[in-house]
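I have placed the structure first, in the form of structure tokens, so that the comments after it can refer back to it.
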Amino acid sequence: MPELPEAEVMRRAVARWALGREVAGVEVGDPAVLRGLGVEALVGQRLEAVERWGKQVVLGFEAHAAVIHLRMTGKVIRVGAGEERSVRVAWRWADGALPVGVIDRRRLGHVTVVRRGEEAGAVGELGPEPWPGVLSGEALAAQLRSARSAVKAALLEPRRVGGVGNIVACEGLWRAGIAPHRPVGSLEPEAWAALGEGLWAACDAVITAEGETEEIRFVSEGAPPEGFAVYAREGERCRRCEGVVTRAQLGGRGTWWCAGCQR
DNA sequence: GCTGTTGTTGAAGC
DNA sequence: AGCTTCAACAACAG
């Protein structure tokens, strides 16, 4: 499932593929994923910017923008490059370059067309993001302070921190040495600062590893899990101490942490 | 055939 | 009111 790092790698790929090109036509494979103004409105417009808002990829055309919410299984691909199953919507380019499309096996994602400048309304309320800048301990504490819940549950709320998903939350907490079930109110200033650094490093590690890849792979598709210290590694020895990686449900989500060095 | 995933939201509960 | 928890969405693996 795409989180901030995967969305960033896809953003870069789409920019390489299509920035500056003009839309010649739109293929709709599944009208149910479409929201907002009709996708036909984009025909004839040049792609001026490819942005990432949290986990969402935003295609900025001259007068409109397409906000792509990938949710669980969504992925932005080039149609014709070998991965085009379940194409929900695709844009053809006037110069004949391979179309760019959105695939989404489980159809939880959607594509919303809005007027340029109104992207925020489609993206939804989004807190500050942990990458590319490091969130300071003060900034993190300010965003999470009002929560009464476990620190990991609060991290997964998009309004508090943008772009953090289950993997980034688990890995960031491990890097910071913080147990996921600790109540938000129990973190001291040093822990908040370490968490900001940990979340940044968890994101940056994936972005660096995936580099300029053309076809991002998710964990569910066998992406190399060596980069993860705790996520989906139940029962394995911690890389940092003698502890063992533990799994539990927290806030309804699978959560992995090292009981030895995450306090 | 039922359960468990998984992100996000909106409704229900406290 | 303000916060937390949970169902729903959809599809598939086990």
Side-chain angles (χ1 to χ4, degrees), chain A residues 1-11 29-36 52-58 67-76 83-89 102-112 114 119-131 141-173 180-187 199 202-203 206 216-223 225 228 230-234 246-257:
Chain A
M1 55 306 308
E3 300 185 15
L4 185 157
E6 289 85 358
E8 174 63 19
V9 174
M10 282 188 252
R11 184 196 70 74
D30 181 5
V33 309
L34 300 178
R35 305 275 155 85
R52 179 190 56 74
W53 291 45
K55 305 170 183 173
Q56 301 175 59
V57 176
V58 178
V67 178
I68 303 170
H69 198 146
L70 302 162
R71 287 284 190 113
M72 303 295 300
T73 54
K75 188 185 289 189
V76 187
E83 213 183 352
E84 54 271 19
R85 287 174 305 164
S86 317
V87 178
R88 307 300 174 187
V89 59
V102 176
I103 60 174
D104 185 6
R105 225 182 41 201
R106 279 167 54 182
R107 304 170 65 218
L108 282 174
H110 39 81
V111 176
T112 308
V114 296
E119 294 90 339
V123 168
E125 209 179 333
L126 204 61
E129 303 184 25
W131 188 95
Q143 289 303 114
L144 302 190
R145 188 167 290 140
S146 66
R148 302 283 139 77
S149 55
V151 60
K152 192 219 172 199
L155 280 173
L156 291 177
E157 293 179 41
R159 280 172 308 165
R160 297 185 186 278
V161 188
V164 175
N166 209 25
I167 298 173
V168 169
C170 289
E171 293 296 309
L173 285 163
H181 39 77
R182 267 182 74 176
V184 162
S186 74
L187 298 210
L199 292 170
C203 290
V206 175
I216 187 121
R217 298 175 73 80
F218 301 149
V219 179
S220 58
E221 298 171 323
F228 300 133
V230 289
Y231 183 81
R233 303 183 90 79
E234 183 179 10
T246 309
R247 181 191 187 281
Q249 288 278 122
L250 204 160
R253 292 287 176 269
T255 302
W256 291 263
W257 77 99

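We name chains A, B, ... by the order of the sequence lines, and we start the count at 1 in each one. These values consider heavy atoms only, across backbone and side chains, with no hydrogens, waters or symmetry-generated copies.
- Between the NZ atom of A:Lys152 and the C1' atom of B:dG7 there is a distance of 12 Å, given to the nearest Å.
- Protein atom CZ of A:Arg160 is 18 Å distant from nucleotide atom P of B:dG7, rounded to whole Å.
- Each of A:Gly251 and A:Leu108 lies near DNA chain C, and the nucleotide nearest A:Gly251 is the one positioned closer to the 5' end.
- When the side-chain nitrogen and oxygen atoms of A:Gln249 are compared with OP1 and OP2 of B:dT5, one or more of them lie within a distance under 4.0 Å.
- Looking at the side chain of A:Arg105, the nearest of the listed nucleotides B:dT6, C:dT4, C:dC12 is C:dC12.
- Counting any heavy atom pair closer than 4.0 Å across all strands shown, A:Asn166 reaches sugar-phosphate atoms only and no base atom.
- Atoms CD1 and CG, on A:Ile103 and A:Leu70 in that order, are 10.0 Å from each other to the nearest 0.5 Å.
- Put simply, the side chain of A:Glu3 never gets that close to the backbone of A:Gly163: no donor and acceptor are under 3.5 Å apart.
- Toward the 5' end of DNA chain C, the nearer of the two residues A:Arg88 and A:Ser149, judged by each one's closest nucleotide, is A:Ser149.
- Side-chain nitrogen and oxygen atoms of A:Arg247 include at least one within less than 4.0 Å of the OP1 or OP2 phosphate oxygen of B:dT5.
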Using a 4.0 Å heavy-atom cut-off to protein, can you give one letter per nucleotide of nucleotides 9-14 of chain B, 5' to 3': B if the base is in contact, S if only the sugar-phosphate is, - if neither? S-----
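- Atom CD1 in A:Ile103 sits roughly 13 Å away from atom P in C:dC12 (whole-Å rounding).
- Using a 4.0 Å heavy-atom criterion, one finds that A:Ala153 contacts no nucleic acid atom at all.
- Looking only at distances, a side-chain donor or acceptor of A:Lys75 sits under 3.5 Å from a matching main-chain atom of A:Ile216.
- As a whole-Å value, the separation of A:Leu70 CG from B:dT6 P is 17 Å.
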Atom pairs and distances, donor-acceptor, side-chain atoms in residues 141-148 of chain A, under 3.5 Å, two or more places apart:
from     : atom 1 : to       : atom 2 : distance (Å)
A:Gln143 : NE2    : A:Arg160 : O      : 2.9
A:Ser146 : OG     : A:Arg160 : NH1    : 3.0

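- Note that CD of A:Glu8 is 9.5 Å distant from CD of A:Glu129, once rounded to the nearest 0.5 Å.
- Judged purely by atom type and a 3.5 angstrom limit, A:Thr73 uses its side chain to pair as donor or acceptor with the backbone of A:Arg106.
- When rounded to the nearest whole Å, the span between NE2 of A:His110 and P of B:dT8 equals 10 Å.
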Could you walk me through whether A:Arg107 and A:Asp30 pass the salt bridge (charged side-chain N to carboxylate O under 4.0 Å, His left out) check? CA-CA 9 Å; A:Arg107 304 170 65 218; A:Asp30 181 5; 2.7 Å; yes
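- Between the CE atom of A:Met72 and the P atom of B:dG4 there is a distance of 16 Å, given to the nearest Å.
- Note on the helix from B:dC2-C:dG14 to B:dC14-C:dG2: angle between the axes of the first and last five pairs equals 60°, rounded to 10 degrees.
- Using modelled atom types, no side-chain atom of A:Glu125 and backbone atom of A:Arg159 make a donor-acceptor pair closer than 3.5 Å.
- Here B:dG7 presents its P atom at 13 Å from CG of A:Leu4, a figure rounded to the nearest Å.
- Judged by distance alone, with hydrogens and angles left aside, A:Arg107 brings no side-chain donor or acceptor close enough to the base of C:dA10 to form a pair under 3.5 Å.
- In this structure, CD in A:Glu6 is found 11.0 Å from CZ in A:Arg52, a value given to the nearest 0.5 Å.
- Between the side chain of A:Glu119 and the backbone N or O of A:Val58, no donor-acceptor pair lies under 3.5 Å.
- With distances taken from any side-chain atom of A:Arg148 to the nucleotides C:dT4, B:dT5, B:dG7, the minimum falls on C:dT4.
- For the pair A:Leu156 CG and B:dT6 P, the computed distance is 11 Å after rounding to whole Å.
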